[in-house]
Protein chains: 2
Amino acid sequence: MVNLLNMRSTTSGGSSNRGPVPPEDLTTRARIRDTAIRLFGRAGFGVGVRAIATEAGVSPALVVHHFGSKDGLREECDRYVLRVVREAKSAAVETEESGAHLLSMLAMVGDYEPTAAYIIRSLAVGGDLANQFFDQMARDAEEYLAAGVEAGIIPPSRNPAARARFLTLTGVGMLLLETNLRGPDADIGEVFRDFAAWSTLPSLEVYTEGLFANRTFLDSYLAAFPVEGDQPATGDGDDQGNGAG
Amino acid sequence: MVNLLNMRSTTSGGSSNRGPVPPEDLTTRARIRDTAIRLFGRAGFGVGVRAIATEAGVSPALVVHHFGSKDGLREECDRYVLRVVREAKSAAVETEESGAHLLSMLAMVGDYEPTAAYIIRSLAVGGDLANQFFDQMARDAEEYLAAGVEAGIIPPSRNPAARARFLTLTGVGMLLLETNLRGPDADIGEVFRDFAAWSTLPSLEVYTEGLFANRTFLDSYLAAFPVEGDQPATGDGDDQGNGAG
DNA sequence: CAGCAGGTTAACCATGTGTTCAGCCTCGGC
DNA sequence: GCCGAGGCTGAACACATGGTTAACCTGCTG
């Protein structure tokens with residue numbers, strides 16, 4: 001929910017063919033990979049090699065022939081998904097200049113549904129792809145937040161890196177949990193749309209009006225654990241941005 | 001992170017023997033159940049009946065003899081975990097009068113580590129227990145928030161139920177994601193403690209200073225999608241609390 | 001044409017899974 | 001003593017899994 005409402009006309013607009021890959025005429029290897037991503041995303045990483053092979057119209061032996069093992073296939077899927085995300089993101093940056101963050105992802109989910117489902121499943125089980133994906137999002141969030149602070153629409157933080165990580169963990173985590181709670185059969189796109197619909201108001205409320213009416217909690221914490229950069233609420237700090245981990 | 005810092009001396013204090021069950025001398029059936037909870041929590045629900053049986057010092061056939069099947073064992077574990085949580089919660093309510101919420105859970109994790117791990121694993125895979133547990137937390141959060149609003153330390157919401165659900169989803173989701181990202185071998189207690197350490201400052205910042213410096217985002221949303229209860233920011237509303245789902 | 005490399009497959013293997021079966025052993029009631 | 005009920009077990013079964021092997025087929029190069 002970072003930079004919410006910061007996008008331009010996401011819900012409407014052409015959901016034409018901007019998916020990750022051209023639809024057909026793929027090499028068999030690519031077709032196996034894509035069906036694996038689709039199946040992994042739909043049913044989790046417990047799906048068998050046979051199921052993937054059948055769905056791809058191919059023999060089970062062929063998938064291990066191409067990818068060495070099921071783990072090899074999994075790794076290739078990870079690499080490919082990460083590549084798709086990176087390309088989609090840079091494309092989005094080109095078109096809308098550091099636009100929406102999580103919410104634009106939500107909107108793009110219609111086109112990248114298998115990819116999104118795969119990422120969710122990956123986040124639900126941990127591992128390398130999950131960490132890389134999350135770190136990337138956290139770094140991006142830190143940049144967006146810094147830009148917002150620069151523009152004066154976001155108050156500065158005593159620890160920008162920690163705030164970025166916190167907000168990313170929050171946003172991605174709630175998406176993950178909501179998806180899990182909906183059960184394994186619900187399709188990601190619908191879950192995300194419903195979620196965006198009901199969660200927008202409370203998130204805007206909390207992020208603009210806050211949750212604590214006074215500063216006692218924060219102040220008492222700061223009294224107990226002082227922070228080097230001093231209080232940024234007054235706004236007279238010299239150099240802000242003590243990026244820590 | 002609801003009602004943060006609202007507890008009394010959680011970090012210190014006696015972590016004596018207030019675990020869910022007396023340590024030994026359990027019936028074999030109970031011992032199998034406990035071992036299953038521990039193993040499910042540690043390694044996920046993929047662990048085999050044989051592993052559980054071995055760990056419990058019993059034959060694989062006995063566990064199915066007692067519980068009918070692996071699913072039966074799983075259901076019994078769910079029921080028991082839910083019962084333990086309910087009892088622990090009512091005990092906590094008795095002792096500290098609607099005290100901390102998520103943070104107290106974090107502090108109690110030392111005593112209930114297997115239970116907590118089981119719940120996390122359950123949330124990561126969805127299902128009945130996950131939904132019941134989450135709904136219960138969301139309801140509790142709504143009560144706590146209402147109490148805070150009543151006391152004047154929390155600003156009112158245009159949709160208290162949605163805000164409670166949003167915050168619960170946020171808090172539990174980030175815990176879930178953080179645990180997943182740490183990998184399957186990290187022990188829950190350490191993960192939770194680390195998490196509480198670094199996330200307290202940013203969460204306090206965001207929840208007291210907000211994330212948006214001005215009201216434009218919220219106001220433009222309210223202009224586009226008006227809410228019945230009108231603006232609670234002015235504070236002159238007649239009857240607040242239009243609980244919706 | 002031969003020959004070869006690579007995509008592709010059916011059959012098979014080893015392993016691990018949940019579950020069943022027949023029977024053991026022990027304890028309490030008659 | 002007997003006998004049955006129930007906790008309990010070792011061995012096995014049926015099944016699904018990931019992976020291997022030998023061969024097939026196709027298309028290309030010489």
Side-chain angles (χ1 to χ4, degrees), chain A residues 21-22 24-80 118 121-122 124-129 184-185, chain B residues 21-22 24-80 118 121-122 124-129 184-185:
Chain A
V21 280
E24 283 304 324
D25 302 339
L26 298 157
T27 158
T28 306
R29 184 187 162 100
R31 203 181 55 221
I32 295 176
R33 159 174 47 69
D34 286 358
T35 54
I37 290 177
R38 205 172 62 239
L39 243 38
F40 280 148
R42 189 184 306 159
F45 297 105
V47 287
V49 175
R50 283 166 177 79
I52 298 171
T54 303
E55 182 84 2
V58 109
S59 84
L62 189 60
V63 3
V64 33
H65 165 72
H66 274 304
F67 302 96
S69 70
K70 187 187 179 180
D71 283 335
L73 172 62
R74 171 80 198 283
E75 290 172 16
E76 179 117 344
C77 291
D78 277 11
R79 275 193 297 271
Y80 182 74
Y118 184 94
R121 279 264 141 69
S122 186
V125 78
D128 227 35
L129 191 259
D185 299 330
Chain B
V21 280
E24 282 305 322
D25 302 338
L26 298 156
T27 158
T28 306
R29 183 187 164 99
R31 204 182 52 218
I32 294 176
R33 159 177 44 71
D34 288 358
T35 315
I37 291 178
R38 205 171 64 240
L39 244 34
F40 280 149
R42 189 183 306 159
F45 297 106
V47 288
V49 175
R50 284 166 177 79
I52 297 172
T54 303
E55 183 83 3
V58 112
S59 83
L62 188 59
V63 2
V64 32
H65 164 72
H66 274 305
F67 303 95
S69 70
K70 187 187 179 181
D71 284 335
L73 172 61
R74 170 80 198 283
E75 289 172 17
E76 179 117 345
C77 290
D78 278 11
R79 275 193 297 271
Y80 182 74
Y118 184 94
R121 280 262 139 71
S122 185
V125 78
D128 225 34
L129 190 260
D185 299 330

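Remember, it's a predicted structure, so these values are computed and weren't measured experimentally. Each chain gets a letter, A, B and so on, in the order its sequence line appears, and its residues count up from 1.
One interatomic measurement links the two molecules: CZ of B/F40 to C1' of C/dG18, which rounds to 12 Å at whole-angstrom precision. What separates NE2 of A/H66 from C1' of D/dG18 is a distance of 17 Å, to the nearest Å. Atom CZ of A/R74 and atom P of D/dG19 are 14 Å apart (whole Å). One atom, CZ of B/F45, and another, C1' of C/dT17, lie 18 Å apart when rounded to the nearest Å. Computed from coordinates, the A/I52 CD1 to D/dT17 P distance equals 11 Å when rounded to whole Å. For the pair B/L62 CG and D/dA11 C1', the computed distance is 16 Å after rounding to whole Å. D/dC8 atom C1' lies 11 Å from atom CZ of B/R31, rounded to whole Å. For A/I32 and D/dG18, the CD1 to P distance is 14 Å, given to the nearest whole Å.
You'll find that the side chain of A/K70 is closest to D/dG18, out of D/dG18, D/dT9, C/dT19. With distances taken from any side-chain atom of B/T28 to the nucleotides C/dG7, D/dC8, D/dT21, the minimum falls on D/dC8. In the set C/dT9, D/dT9, C/dG18, the nucleotide with an atom closest to the side chain of B/R50 is C/dG18. For A/A61, counting side-chain heavy atoms from C-beta on, the closest listed nucleotide (D/dT21, C/dT20, D/dC8) is D/dT21. The A/S59 side chain lies nearest to C/dT9 when the options are C/dT9, D/dG10, D/dG19.
Between A/H65 and D/dT21 there is no side-chain polar atom (N or O) within less than 4.0 angstrom of OP1 or OP2.
Within the 4.0 angstrom heavy-atom criterion, only backbone atoms of the sugar-phosphate kind lie near A/V47; the bases stay farther away. Residue A/V49 is classed as a sugar-phosphate contact, given heavy-atom separations below 4.0 Å to backbone atoms only.
Scanning both residues, B/V49 and B/P60, for their nearest heavy atoms gives CG1-O, 3.8 Å. In plain terms, the two heavy atoms of A/L73 and A/R33 that are nearest each other are CD1-CA, 4.3 Å.
For the pair B/R121 and B/F45, the cation-pi criterion (under 6.0 Å, within 45° of the ring axis) is not fulfilled.
We find that A/R74 and A/D78 are joined by a salt bridge, their nearest charged nitrogen and carboxylate oxygen being less than 4.0 Å apart.
Between the side chain of B/S122 and the backbone N or O of B/Y118 there is no donor-acceptor pair closer than 3.5 Å.
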